[in-house]
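Read the structure below first, then the notes.
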Amino acid sequence: MKKKPISQSPSQSTLISTPVTEPNPLDFPTAIREVIAGERLTKLSWKDPQTVVQLSNNRLQICLPKNDYTPCDLIISDGDLMGEDWVVV
């Protein structure tokens, strides 16, 4: 697995050009290990597959297309914790 810089936010063009292919759904603990390793994630249950979660500035952040991919702190819900539909993008 190729490591990516953790503290660097991806550019908008990088996020847009990264489609989810061949989903391999993960549970939350496994997904968090992937984020720590530098991967970006999305959830299959989210309406927009371009929405991603990443570790940025030592915080778990979400980047939404409707906000021009500006990273915002992710507030984790029960659905996130119990979800088994996290995928690496």
Side-chain angles (χ1 to χ4, degrees):
M1 179 182 331
K2 182 179 175 184
K3 295 218 177 198
K4 298 176 186 171
I6 296 174
S7 62
Q8 182 180 12
S9 297
S11 67
Q12 181 176 358
S13 61
T14 302
L15 290 171
I16 292 171
S17 65
T18 310
V20 176
T21 57
E22 298 184 37
N24 181 19
L26 308 170
D27 60 10
F28 186 76
T30 305
I32 290 300
R33 283 192 288 277
E34 293 294 326
V35 168
I36 291 169
E39 297 293 340
R40 290 186 314 252
L41 304 172
T42 192
K43 286 189 74 171
L44 297 174
S45 60
W46 287 343
K47 292 178 184 176
D48 191 337
Q50 297 295 326
T51 298
V52 295
V53 171
Q54 65 186 16
L55 193 60
S56 179
N57 301 318
N58 296 317
R59 301 174 88 118
L60 191 59
Q61 298 191 315
I62 187 167
C63 299
L64 302 164
K66 68 180 182 179
N67 293 342
D68 294 325
Y69 298 97
T70 302
C72 301
D73 290 347
L74 177 65
I75 299 172
I76 301 169
S77 69
D78 290 348
D80 295 331
L81 291 171
M82 303 305 288
E84 296 184 353
D85 63 337
W86 292 95
V87 290
V88 174
V89 293

Shortest non-hydrogen contact between [X] and [Y], atoms and distance:
{"X": "K43", "Y": "G79", "result": "NZ-O, 3.2 Å"}
{"X": "E84", "Y": "P25", "result": "O-CB, 3.2 Å"}
{"X": "D85", "Y": "S45", "result": "OD2-OG, 2.7 Å"}
{"X": "C72", "Y": "N67", "result": "SG-ND2, 4.5 Å"}
{"X": "T30", "Y": "L26", "result": "CG2-CD2, 3.8 Å"}

Inset, instruction - Name all pairs fulfilling the salt bridge (Lys or Arg N to Asp or Glu O under 4.0 Å) condition that reach into residues 47-65, sequence neighbours left out, sorted by first residue then second. - result: R59-D73
Inset, instruction - For R33, check salt bridge (charged side-chain N to carboxylate O under 4.0 Å, His left out) against everything at least two apart and list the hits. - result: none
Legend entry - salt bridge (charged side-chain N to carboxylate O under 4.0 Å, His left out) partners of D27, counting only residues at least two apart: none
Legend entry - side chain to side chain contact (heavy atoms under 4.5 Å, CB included) partners of I32, counting only residues at least two apart: F28, I36, L60
Legend entry - Single-linkage hydrophobic cluster L44~M82, side-chain heavy atoms < 4.5 angstrom: no
Legend entry - Approximate separation, where rounding is to 0.5 Å, of L55 CG and E34 CD: 13.0 Å
Inset, instruction - State the OG-CD1 distance between S56 and I62, to the nearest 0.5 angstrom. - result: 13.0 Å
Legend entry - Non-hydrogen side-chain atoms of V88 and N24 separated by less than 4.5 Å: no
Inset, instruction - State whether the side chain of T51 and the backbone N or O of L64 hold a donor-acceptor pair below 3.5 Å, judged by distance alone. - result: no
Inset, instruction - Determine whether more than 12 heavy atoms belonging to other residues, nucleotides or ligands lie under 6.0 Å from atom CD1 of I75. - result: no
Legend entry - Selection residues 39-61 - residue pairs positive for ring pair (Phe, Tyr, Trp, His ring centres under 6.0 Å), sequence neighbours left out: W46-W86
